[in-house]
J.: 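My questions all concern the structure below.
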Amino acid sequence: MQRRRSSKTPKQPLHVHHKSQTDLSAWRKGGKIDSEKSLQNNQSANDQKYESQEGSLELALSYFEKVQDSVALKKKSVVQRHLDVVESTALKQGLPPEGFEILLKVALSGRFADTVNTRLLKSLIPTSVIPENSVVTAVSWLCVGKCSGNIQVLFLKWLITMFDFIDHKEQLNALYGFFFFFLQDEKMCPYVCHVLYLLTRRENVKPFRIRILLDLQAKMGMQSHLQALLSLYKVFCPDQVTITLPGKMKTYFKNSEGPWKAAITAVRQRNQGISPLAQAVFLGTSRPQSRKRKWNAQLVIPASSANRLEAGREKNRLYLCGTNESFPVEQLQTFPQLLQNIHRLEFPAQMGSVLTNPLLLHYMNFVKDESIYLRLHYWMGQRLQEECTWCVVDNPCEEEFKSFLENVYKAECFLQEGFSACEEFLYKTLPLWDGVSCRSEVLKLVSWIPLSSFSDIKPYLFDPLAQLFFTSSIYFKCSVLECLKELLQNWLNCNAIQMDLEISSANTTLCGLVDAVAELVHFVGRISTVALRLENNSTLLLYFILDFYDTVCDMYLKYNLPLLIMPPAGVFYPALLSMDSVNLNQLCYIMYRYRTNLVAAKENEQSKKKILQFKFSNQTYQEYNQYLTAMVGCLWTSTAFQKDIHPQGLRMDDELLSKTAVKEIKNSFNIVYHPAMMGYSVQFLQEICPDDTTFNFKLIKGKKWDWYLEYLYNQGLKGLKVFIESSISRVSQAARSKSGNVEA
């Protein structure tokens, strides 16, 4: 079936009816309609529907293009009919690129009343992209000044919202001076500042423009939109913008998306199911409908003075060797292309596309251009604030917000650092969070919060998390523990300092890291102790707690951090007496790693090797020895009830033990009788004494005890193996002699 390109082509209802008759007659004859044929029929019906819409739209566009005189808007007039077609088409599938120049010209030329012009501007929803030429033409009509002030403001709002849908920006940037002229209009000034903020490049920053902005600020007062533009100018030319700008500002620009946001979302969802091409032109991002560019002064990523100095040098070097010819980011496809054109690559204005583009993230990581971070953090902070599902009433877009948070998290993982916009967002919203909305995504973002003083972030981060932790399900508790483990690992990976580093400020930096990490570990120890009581020493919960301490026990050797903190007794003893062999094996491995780290620290102290003036306290060694005595007494010597000297340990008087009426109570927790090991003992007896059904555990002694140890090791209990071989002298000597024989 040929598509009708002209609205004048007569309709052909008989053609469709005949097609239906053919299918129906085939069905009556007993034949099945082929699935591909049926699909083609459905596609044909859809094509006819869109052809009808396109025909009506072409007729409407032709009318608006040719009309010259002002026409009144009446209920059944021609204008009303064509206006309805434009609105319905725009809301259903968006407008084609060729329609924007016509409709923008009509809306800004003043031919119709503001009612018509307003409806036209609100209907300008793109199917794919907006041609740059149509926007340039619209700006020329804006300069003519035939439309009212309200229409001018609405056009600027539309331009801000649709900025990322414009296919090119070169000609639009050439009109920078025209936009700058409109700053004198007090009503348009906030929106013109927003447009200029999006367009500004280094070459646009001129001394005379800085003077004009400063004069406007002196005349109007400290206006947020002027501060936004001055902040951006100061990033590009800090030597020319010498004034001090406020450090805190909630938002710089008002939300301009108004009537277009919901329509863009709906059109995008429909078009994604129709055309892969339409899906691909949304500027490299899965969520093009949110196009905010607002500035928040708190969102600048903190960096050390050394990093900032190096970044400044790199920026200057790249800028000096750059050329006037910029490399379009749309053509950037491979990493070699990035390396060849990095000095002339122009970063895209659409900051949302950066999060999902690895090449642009590489560029961010290498160039360290502060203006890029400024734009990204402004956009991200504003979007997080306005689309937060638990802060915005009746927000139906939770799935889309989840997708956005996931993209932010992946970008943070790629850059190996958290965004300060996310940090501030979490501090503001976690006290209001219900622990349900976007749970996985929020906790992932928490794991990338930058290192800060624990006392500073405790009221905003750890206190809200603790309240939810104690009142939520065990699965939420496990998720929080996993999140805090990743937070600890990120802090250690990003901030650990080599032990032989000799920089004057290293001790200060390391001291802050040690204090923050220590407070975090103590916090996890406190909430874990309470949680185990609340959940009756749950095996699942205990697994996640021990997984956290698996990182803590190796901080000295693995991360070069002179800090080791033993788990609290409320964690250690439930793990030691656990009914699950996995947790007991993990505890054994953790204690082995604690021993390895403490021995290494002791050797370094004795050899007077400098470790940035940090030493472990005697309390750490004392606490480890107490736990070691308890473990050996339980698992090996069966003397835990007599020799455990920890204040919260297992030591009991013989008189009290006798009242329990438990036979062989002293052996209750060795590797044969321990509840977590009982299954292995039974299986071992079945293998060595298959005919004995009494399961006499007393048989496991002497050589059979050694056989039993080998049996346990073969079952995958590597943690138990390394603990026993490192902590039991007899086994340790045997293991060393055995390894020596193997080497010989």
Side-chain angles (χ1 to χ4, degrees), residues 478 481-482 485 488-489 492 539-559 564 566-567 571-601 624-625 627-638 640 669-688 697 700 703-743:
C478 295
L481 289 168
E482 178 70 15
K485 183 200 76 171
L488 174 62
Q489 289 176 338
L492 294 172
T539 298
L540 177 64
L541 181 63
L542 187 58
Y543 172 83
F544 281 90
I545 295 172
L546 293 177
D547 193 38
F548 177 84
Y549 281 97
D550 189 45
T551 300
V552 175
C553 69
D554 242 349
M555 291 191 297
Y556 180 73
L557 289 178
K558 189 174 181 180
Y559 298 99
L564 280 180
M566 302 299 299
V571 170
F572 173 79
Y573 284 101
L576 179 59
L577 306 179
S578 172
M579 303 284 288
D580 182 73
S581 61
V582 174
N583 287 332
L584 181 62
N585 181 67
Q586 183 72 352
L587 177 65
C588 291
Y589 178 78
I590 290 172
M591 291 299 294
Y592 162 72
R593 293 308 303 170
Y594 270 120
R595 174 188 174 84
T596 305
N597 281 256
L598 288 170
V599 168
Y624 171 80
N625 288 330
Y627 286 163
L628 180 63
T629 301
M631 286 193 69
V632 174
C634 270
L635 301 176
W636 194 262
T637 62
S638 302
F669 294 103
N670 66 21
I671 57 174
V672 176
Y673 291 90
H674 195 291
M677 311 301 293
M678 190 75 74
Y680 293 110
S681 302
V682 171
Q683 292 177 2
F684 176 73
L685 287 175
Q686 286 178 337
E687 288 190 12
I688 64 171
F697 296 115
I700 305 178
K703 287 187 177 181
K704 290 182 180 178
W705 179 278
D706 295 334
W707 296 349
Y708 178 60
L709 277 181
E710 290 296 329
Y711 173 80
L712 293 178
Y713 299 162
N714 293 332
Q715 297 302 309
L717 300 178
K718 302 302 182 183
L720 180 68
K721 179 179 186 294
V722 294
F723 172 76
I724 290 178
E725 290 182 350
S726 63
S727 303
I728 310 299
S729 58
R730 179 178 70 83
V731 180
S732 178
Q733 293 173 2
R736 283 197 294 268
S737 62
K738 183 178 180 181
S739 61
N741 293 334
V742 171
E743 291 176 1

J.: Quick one: does I700's side chain get under 4.5 Å of I671's, heavy atoms only?
T.: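 Not in contact.
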J.: Hey, mind stepping through F723 and L717 against side chain to side chain contact (heavy atoms under 4.5 Å, CB included) and telling me if it holds?
T.: CA-CA 10 Å; F723 172 76; L717 300 178; over 6 Å; no
J.: Identify the heavy atoms of L635 and C588 that sit nearest to each other, and give their distance.
T.: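 So the two residues come closest at CD1-SG, 4.0 Å.
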J.: Side chain to side chain contact (heavy atoms under 4.5 Å, CB included) with C553: which of I590, T596, N597?
T.: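 The option that passes is I590.
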J.: Does D547 reach the main-chain N or O of Y543 with its side chain, forming a donor-acceptor pair under 3.5 Å?
T.: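 Not at all, since once roles are kept as given, no pair shorter than 3.5 Å links the two residues.
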J.: Search all heavy atoms of A600 against all heavy atoms of L557 and return the closest pair with its distance.
T.: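 Heavy atoms only, the tightest pair is CB-CD2, 3.7 Å.
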J.: Before giving the answer on side chain to side chain contact (heavy atoms under 4.5 Å, CB included), spell out for E687 and W707 the whole-Å C-alpha distance, their side-chain angles and the decisive distance to 0.1 Å.
T.: CA-CA 11 Å; E687 288 190 12; W707 296 349; over 6 Å; no
J.: Write down the atom of L720, the atom of N585, and the distance for their closest heavy-atom approach.
T.: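 Looking at all heavy atoms of both residues, the closest pair is N-OD1, 3.0 Å.
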J.: Determine whether S726 and M591 satisfy the following criterion, side chain to side chain contact (heavy atoms under 4.5 Å, CB included), listing intermediate values before the conclusion.
T.: CA-CA 10 Å; S726 63; M591 291 299 294; over 6 Å; no
J.: Tell me yes or no: between the side chains of S681 and Y708, is some donor less than 3.5 Å from an acceptor?
T.: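 Yes, a side-chain donor-acceptor pair sits under 3.5 Å.
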J.: Distance from M579 atom CE to H674 atom NE2, nearest 0.5 Å?
T.: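 Reported to 0.5 Å precision, the distance equals 9.0 Å.
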J.: Measure across A676 and S578 and return the closest heavy-atom pair with its distance rounded to 0.1 Å.
T.: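 Closest approach of A676 to S578: CB-O, 3.4 Å.
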J.: Using the rule given for side chain to side chain contact (heavy atoms under 4.5 Å, CB included), can you reason through M566 versus F572, listing the C-alpha separation, both sets of side-chain angles and the distance that settles it, and then say yes or no?
T.: CA-CA 9 Å; M566 302 299 299; F572 173 79; over 6 Å; no
J.: What distance separates K558 NZ from Q489 CD, expressed to the nearest 0.5 Å?
T.: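 One gets 7.0 Å once the value is rounded to the nearest 0.5 Å.
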J.: Tell me if the aromatic rings of Y624 and Y594 count as close, with their centers under 6.0 Å from one another.
T.: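 Ring-ring flag for Y624/Y594: false, centres at least 6.0 Å apart.
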J.: Taking the side chain as every heavy atom from C-beta outward, state whether F548 and V571 have any atom pair closer than 4.5 Å.
T.: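 No, too far: nothing below the 4.5 Å cut-off.
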J.: Output the distance between atom CZ (F544) and atom CG (L481), rounded to the nearest 0.5 Å.
T.: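 The CG atom of L481 is 8.0 Å from CZ of F544, to the nearest 0.5 Å.
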J.: I'd like to know if the side chain of R595 reaches the main chain of S727, judged simply by a donor and an acceptor atom lying under 3.5 Å from each other, with no hydrogens or angles considered.
T.: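 Looks like no, no N/O pair under 3.5 Å.
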J.: Rounded to the nearest 0.5 Å, how far apart are CG of D550 and OH of Y589?
T.: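 Answer for the CG-OH pair, D550 versus Y589, is 6.0 Å.
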J.: Would you mind listing every salt bridge (charged side-chain N to carboxylate O under 4.0 Å, His left out) that reaches into residues 579-593, with sequence neighbours excluded?
T.: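 Residue pairs passing salt bridge (charged side-chain N to carboxylate O under 4.0 Å, His left out), neighbours aside: D554-R593.
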J.: Please report the closest heavy-atom contact between Y673 and M678, naming both atoms and the distance.
T.: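 Looks like O-CE, 3.5 Å.
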J.: Which distance, rounded to the nearest 0.5 Å, do you find between the CH2 of W705 and the CD of E710?
T.: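 Answer for the CH2-CD pair, W705 versus E710, is 14.0 Å.
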J.: Hydrogens and angles aside, do Q683 and Y711 bring a side-chain donor and acceptor to less than 3.5 Å of each other?
T.: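 A donor-acceptor contact under 3.5 Å links the two side chains.
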J.: Grab the two heavy atoms, one from C634 and one from L576, that are nearest each other, plus how far apart they are.
T.: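 Nearest pair, atom of C634 first, then L576: SG-CD2, 3.9 Å.
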J.: Check whether any side-chain heavy atom of N583 sits under 4.5 Å from a side-chain heavy atom of I545, and report yes or no.
T.: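 Not in contact.
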J.: Rounded to the nearest 0.5 Å, what's the gap from CD on Q715 to CZ on F684? Could you check?
T.: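 Taking CD in Q715 and CZ in F684, the distance rounds to 11.0 Å.
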